Amino acid sequence: MEGGGYIEVATTRPETMLGDTAVAVHPEDERYRELVGRFALLPLVKEERKSLKGDRVSRRIPIIADRRVKKEFGTGAVKVTPAHDPLDFEIGKEHHLPFVKVIDERGIINENGGDFEGLERFKAREEVVKKLKELGLLSKVEKIRHSVGKCYRCKSTVEPLVSVQWFFKVSDKKIREPSLKVVLEGIEREEERLERVEFIRGEAITLRILKEGEILLFEEVEEIAGRREDGTYYLYYQGEPREVFNEFYAKSKVLNGRRGNYEVIKEGHTLKILRDGEVIETFSGEVSVDVGGRILGIRREERPVKVKETSKVNFIPKNWENFYKPWIENLKDWCISRQIWWGHRIPVWYCKDCKKENVFSDEDFENIYDKLIFNLIADGKIREEFSVEEVVKVLNSKNFLKPHMSNLDFYREYVYRGQNVGISESNLFLYLNNYSKNYQYLKEKKKWRFLLRCKACGSTNLKREEDVLDTWFSSALWPFGVFKEDERRKLFPTDLLITGFDIIFFWVARMIFTSLYFYKVEPFKDVYIHALIRDEFGRKMSKTLGNVIDPLDIIEKYGADSLRFTLASLTVQGRDIRLSEKSFESAKHFANKLWNASRFVIMNTPKDLLSELPSVSDLKTEDRWIITLLNETVREVNESLKSYEFSRACQKLYDFVWNNFCDWYIEMVKGRVRERDLGALYTLNYVLDKVLRLLHPFMPFITEEIWDNMPTKDEESLALKEYPTFIPQEVFKEDKERVEELKDFISTARYLRSVIGLKPSQRVKLYYRGAEKIVEGFEETVKELARLSELIPTQERPKNTVAGFGKSFSLYLEVPQSIDLKALKENYKRRERKVLEELRRVEEKLSNEEFLKKAPKEVVEKNKRIREELRGELEKIRSFLEVLDAN
RNA sequence: AGGCGCGUAGCUCAGUUGGGAGAGCGCCGCCCUUACAAGGCGGAGGUCGGGGGUUCGAAUCCCCCCGUGCCUACCA
């Protein structure tokens, strides 16, 4: 200490003491309170060191107080090296300490290190300790464990040191606030747009409005329909409304008898009726407008519309907002300098004479040639010294962003729109030679040099900044580089960005704030954060660990479709995927199942099926059942995809194809197929066709291959076919219920077979009671699927039979010879126990006054129904057990 | 240390406004029934991590604990 005494500090990096410019203590630390404001004399260093700014720095350094110092750590006093430690850097800035750099970029002590100059940093550490010991200034050496930043490539310890870098000032409110708002609540904006409307006159235009499955209106008209850019349709009626409006007349008092120009606009599920441009009626339901037949004419109109839109970025899953939010809230200025050899160079030139930093852009030049050449240099496409041939060659070569055009075309189209940019060797040569003072010809090299002039002193003695831009900064510039203004208006904001969570900071956030700042719109509406794929033990896949699954190996073993389907079905929002090779097995089996089912359909379908298509009336109950289930699957898959629930979509498709289409429908119609029943063949093809379309995004190859063999296919690829959507007319509730009952009946019969140990080849008689309606018309199907010799209605249990029960029926299966019924008895006892348990729970519920009072009516009713079912079942089981016991 | 998740059948996981516990694989029994043995039919298996609370009612909502994973910060 100045004036005698010592202050003791602890450090893990003794060599940095050469750059210390203060000692810090906690403001409330009693031990050091007296010392704050006094000065210490730093040992080992020269009397004068040099700060970054070039000032002289004495070895007389202040004792300062700072809250960031922890009293209980070390000695409670910490040496401050602002130039070589991140926290010290912060403290140094706050207390206006000088920054003394003692280690250079090569890791060697510089001239500030005095006697230690020229030593490598680790060697210097040893030497410093040795010297301190010699001087008696070393109190003690302790082992301490702490983490140190390492280079991810060469593993050498990272040296923290200050240097001059370029920053992008994003800590500003103008950037931070909108970036938060756009994600958390959305930002209102108003836009004026020219809406282009097409009016189409067609031969046959069908207008259909359905509400809850009921047809409100179905008309075929010959009128003018219109289609907007966004794909919504218009019907347009000029003058007096025609017959087609009779329906509306009845429903709408407003419309009644009024003349005017009527328009019908379909927007999703709503249909608007406009008179003279004003909405007078809105219908909602499944609306479809189809232009069929020949189009007789198209007229186009443009009308200005003011559109109020909300800029909103949705993270999917939503939780990631919480990841984004704190980062934006603590946004620090973004260091965009990178000291690497590739990347966009920073467009800054330093004047060697007056030291000014010059930022140039092509706007600094008036002539188009100057602008072009400047851009080529700034982009690194040509060097600062260049030949005319090089320029022309570059301008004529393919553009990176738009490979179908040359660089010159790109400049013409995207950068200097409307300007006549013609360039050739001769006119460029003429220009450089005669018309500009901005170029210097270097005779011996036969090259030109563009003379950039310092904006302060006019000197041409400039040196370009060596640093390049952070790649993420370049990425953030993407929307500003690839769109022409009219393209941008159409394509921006984009719908969806898919990326990993670790990219939220790197790119997502940065694209959001640059877009909001420069374009006032969000860059994308949805950000889907995909799952990370881990190994079967939950570890990240890494090459060093050797737990990486190579997709190419998987494709080799299981097929590309299995890989794709598996990944999709394991993708549950917000959850990482644990992937082991086993996972692919099931998808492979599914693909195989689909293949075989398709084989069955295709080999049984006559080539000319299309020419004799049946009408809906030719379809049977089971056809309408499977079509209903298909339709429900279509709805669920669409909903799932819309909300990015890929796993659910896969599950629904898997279940439908395997458990309903293959295991039940195909089995049911095999008899009809043998007889070339058109309804069955049609349904098989209809369902398979839809299934292929539905599955195509998940299993593109196999579906395309099967599609190619379908009789219904045409020249177009399956990939281009319309994706199925829910069709409300194709819901057949009664047929669905009937077949579900039938399935229950057959399953019960099968269960009885299995329980008495019948082999599939053994056909026996089945008696039934209370199932006349279920069986009616399905006798052959039941006999086939339950492997029966006869199917006989009865009122009582015949001898030598075992009984089974459904919700509304009893079955009695013939027992061919003396079979041990022990297993059966055990099964029924187990079922009795289960039913009793369930019954107990339901009865408990139903005897609870509060439940009856407060629960919704449907729930109470449902529980009553369940109770009745269970009671019935219990009764049947018990009576059957009695019979068995008697035997 | 703080934040965010996750603990459901032997294993991997679904379960979307709280209302009779599900899938795949594995396991057990029977079967080559002409789309498919990479298959068919049937079956077993779960106090939904533990405790408390809200509610007529909790796998589901709230609190605490245990286990586990990730992210961020700190480490003189």
Side-chain angles (χ1 to χ4, degrees), chain A residues 9-13 16 23-24 68-70 73-81 85 87-88 144-148 317 319-320 322-323 326-327 330 501-502 532 534 536 538-540 558 566 569-570 572-580 582-583 585-604 639-640 643 645 647-648 651 654-655 659 662-663 666-667 670 673-674 746-747 750-755 757-761 784-787 823 827 830 838 841-842 844-845 848-856 858-860 862-863 865-867 869-870:
Chain A
V9 299
T11 180
T12 51
R13 303 200 54 208
T16 61
V23 171
R68 281 164 283 206
V69 178
K70 287 179 204 129
F73 206 97
T75 63
V78 55
K79 62 193 244 0
V80 181
T81 326
D85 182 276
L87 187 65
D88 292 3
I144 185 168
R145 219 186 141 79
H146 71 136
S147 41
V148 171
N319 299 3
W320 291 108
N322 297 332
F323 190 66
W327 193 78
N330 301 314
F501 77 91
D502 46 346
L532 228 60
R534 300 173 178 277
E536 57 184 311
R539 300 174 303 188
K540 270 191 187 177
Y558 301 93
T566 302
S569 53
L570 291 179
V572 179
Q573 280 182 31
R575 208 167 170 140
D576 288 348
I577 295 175
R578 278 202 195 187
L579 196 61
S580 72
K582 284 184 293 189
S583 323
E585 199 92 14
S586 140
K588 183 178 135 187
H589 292 176
F590 180 54
N592 190 49
K593 191 74 180 174
L594 179 69
W595 180 261
N596 282 311
S598 307
R599 208 163 76 93
F600 175 79
V601 174
I602 291 164
M603 70 192 235
N604 283 299
E639 277 170 7
S640 307
S643 49
E645 292 173 275
S647 168
R648 194 179 130 206
Q651 219 173 297
Y654 184 100
D655 181 61
N659 300 334
C662 291
D663 286 350
I666 288 183
E667 294 304 328
K670 271 183 177 165
V673 167
R674 241 174 275 129
I746 294 167
S747 293
R750 283 170 168 176
Y751 171 70
L752 290 177
R753 290 186 61 97
S754 160
V755 108
L758 283 182
K759 295 188 175 182
S761 52
E784 207 42 55
L785 296 191
R787 323 273 322 148
N827 271 325
R830 195 169 45 237
E838 280 181 46
R841 277 209 302 241
V842 177
E844 200 175 323
K845 238 185 229 184
N848 185 337
E849 289 294 322
E850 295 291 307
F851 173 74
L852 296 175
K853 242 192 300 186
K854 292 183 183 168
E858 314 87 76
V859 177
V860 176
K862 194 177 167 190
N863 275 283
R865 207 173 59 239
I866 292 167
R867 181 176 61 186
E869 277 170 28
L870 290 173

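In what follows, every chain begins at residue 1, and chains take the letters A, B, ... in the order their sequences are listed. This structure is a prediction, so every number in the text was calculated from the model and none was measured.
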- 5' priority, RNA chain B, between S643(A) and N322(A) [closest heavy atom]: N322(A)

- Spacing of D663(A) atom CG relative to C36(B) atom C1', expressed in whole Å: 11 Å

- U55(B) to G40(B) separation - C1' atoms, rounded to the nearest Å: 47 Å

- Checking C36(B), G19(B), C56(B) against the side chain of V859(A) (C-beta onward), the nearest is G19(B)

- Task: From the options C71(B), G19(B), C31(B), select the nucleotide whose nearest atom is closest to the side chain of F323(A).
- Result: C71(B)

- To the nearest angstrom, how far is N659(A) atom CG from C41(B) atom C1'? 13 Å

- Can you run through RNA chain B from 5' to 3' and write each base as (, ), [, ], | or . depending on how it pairs? Watson-Crick or G-U wobble, both distances under 3.5 Å. ((((((((.[[[[.)...(..]]]].(((((.......))))).....[[[[[..)....]]]]])))))))....

- Task: Assess whether side-chain contact (heavy atoms from CB on, under 4.5 Å) is satisfied between K670(A) and N604(A), documenting all intermediate values.
- Result: CA-CA 10 Å; K670(A) 271 183 177 165; N604(A) 283 299; over 6 Å; no

- U33(B) base / E784(A) side chain donor-acceptor hit below 3.5 Å: no

- Query: Using the P atom in both, what is the distance from A58(B) to G67(B), to the nearest Å?
  - Reply: 28 Å

- Closest non-hydrogen contact found for L852(A) with V860(A) is CD2-CG1, 3.8 Å

- Query: If we take the C1' atom in both C11(B) and G52(B), what is their distance in whole Å?
  - Reply: 32 Å

- Task: Would you sort out whether L785(A) and R750(A) count as a side-chain contact (heavy atoms from CB on, under 4.5 Å), showing the intermediate values?
- Result: CA-CA 8 Å; L785(A) 296 191; R750(A) 283 170 168 176; 4.0 Å; yes

- Query: When we call it a touch if two heavy atoms are under 4.0 Å apart, what does P856(A) touch: a base, just sugar-phosphate, or nothing?
  - Reply: base

- Message: So, taking the atom named OG1 in T566(A) and the one named NZ in K588(A), what distance separates them when rounded to the nearest 0.5 Å?
- Response: 11.0 Å

- Look at K670(A) and A35(B) and indicate whether a side-chain polar atom (N or O) is within less than 4.0 Å of OP1 or OP2. yes

- Task: Check the angle between the aromatic planes of W320(A) and F501(A) and answer parallel, tilted or perpendicular using the 30° and 60° thresholds.
- Result: parallel

- Go through the steps to decide whether D85(A) and T16(A) satisfy the test side-chain contact (heavy atoms from CB on, under 4.5 Å), and finish with yes or no. CA-CA 9 Å; D85(A) 182 276; T16(A) 61; over 6 Å; no

- Query: Which heavy atom of G76(A) sits nearest a heavy atom of V69(A), and at what distance?
  - Reply: O-CG1, 3.5 Å

- Select base, sugar-phosphate, or nothing to describe what E849(A) touches, counting heavy atoms under 4.0 Å on all strands. nothing

- Query: Quantified in whole Å, what is the C1' atom distance between nucleotide G43(B) and nucleotide A9(B)?
  - Reply: 14 Å

- Query: Say you draw a straight line from OH of Y558(A) to OG of S583(A); how long is it, rounded to the nearest 0.5 Å?
  - Reply: 9.0 Å

- Message: Ignoring hydrogens and geometry beyond distance, is the side chain of E667(A) in donor-acceptor contact with the base of A35(B) at under 3.5 Å?
- Response: yes

- Query: Going by modelled atom types, is there a donor-acceptor pair between the base of C36(B) and the side chain of K593(A) at under 3.5 Å?
  - Reply: yes

Between protein and nucleotides 25-28 of chain B, what N or O pairs are separated by less than 3.5 Å?
none

- Message: By nearest atom, which of the nucleotides A35(B), C31(B), C71(B) is closest to the F600(A) side chain?
- Response: A35(B)

Nucleotides 42-47 of chain B: which of its N/O atoms have a protein N/O under 3.5 Å away?
residue : atom : partner : partner atom : Å
G42(B)  : O2'  : S754(A) : OG           : 2.9

- Task: Would you indicate what S647(A) reaches in the nucleic acid, counting non-hydrogen atoms under 4.0 angstrom: base, sugar-phosphate, or nothing?
- Result: nothing

- Task: Mind listing the closest non-hydrogen atom pair of F851(A) and K845(A) along with its distance?
- Result: CD2-O, 3.3 Å

- Determine the minimum heavy-atom distance between R648(A) and E639(A), stating which atoms define it. NH2-OE1, 3.4 Å

- Note: C662(A) and K593(A) closest approach over all heavy atoms is CB-CE, 3.8 Å

- Can you tell me, in whole Å, how much space there is between the P of G10(B) and that of U47(B)? 8 Å

- Item | Approximate separation, where rounding is to 0.5 Å, of R753(A) CZ and I746(A) CD1 | 12.5 Å

- Message: Taking any heavy-atom pair under 4.0 Å as a contact, classify V69(A): base, sugar-phosphate, or nothing.
- Response: base

- Item | Rounded distance in Å - CG (L87(A)) to P (C75(B)) | 6 Å

- Message: Please give the distance between the P atoms of C13(B) and U17(B) as a whole number of Å.
- Response: 23 Å

- For T11(A) and R13(A), the nearest pair of non-hydrogen atoms, with its separation, is OG1-N, 2.9 Å

- Backbone N/O of V859(A) and side chain of N863(A): donor-acceptor pair under 3.5 Å: yes

- What is the distance, rounded to the nearest whole Å, between atom CH2 of W320(A) and atom C1' of C71(B)? 8 Å

- Task: Would you mind reading off the distance between R753(A) atom CZ and G40(B) atom P, rounded to a whole angstrom?
- Result: 18 Å

- Item | C61(B) versus C48(B) - spacing of their C1' atoms, nearest Å | 16 Å

- Measure the distance from CD1 on I866(A) to P on G20(B) and round it to the nearest whole Å. 6 Å

- Item | Touch class at under 4.0 angstrom, heavy-atom based, for N592(A) against every strand present | base

- Message: Rounding to an integer number of Å, can you tell me how far E850(A) CD sits from U54(B) P?
- Response: 14 Å

- Task: Name the nucleic acid region contacted by K588(A), choosing base, sugar-phosphate or nothing; use a 4.0 angstrom heavy-atom cut-off, strictly under.
- Result: base

- Query: When rounded to the nearest Å, what value does the distance between C1' atoms of G69(B) and C62(B) take?
  - Reply: 24 Å

- Query: Roughly, in whole Å, what's the span from CG in N863(A) to C1' in C56(B)?
  - Reply: 11 Å

- Query: So which nucleotide from U33(B), G20(B), C56(B) ends up closest to the side chain of K862(A)?
  - Reply: G20(B)

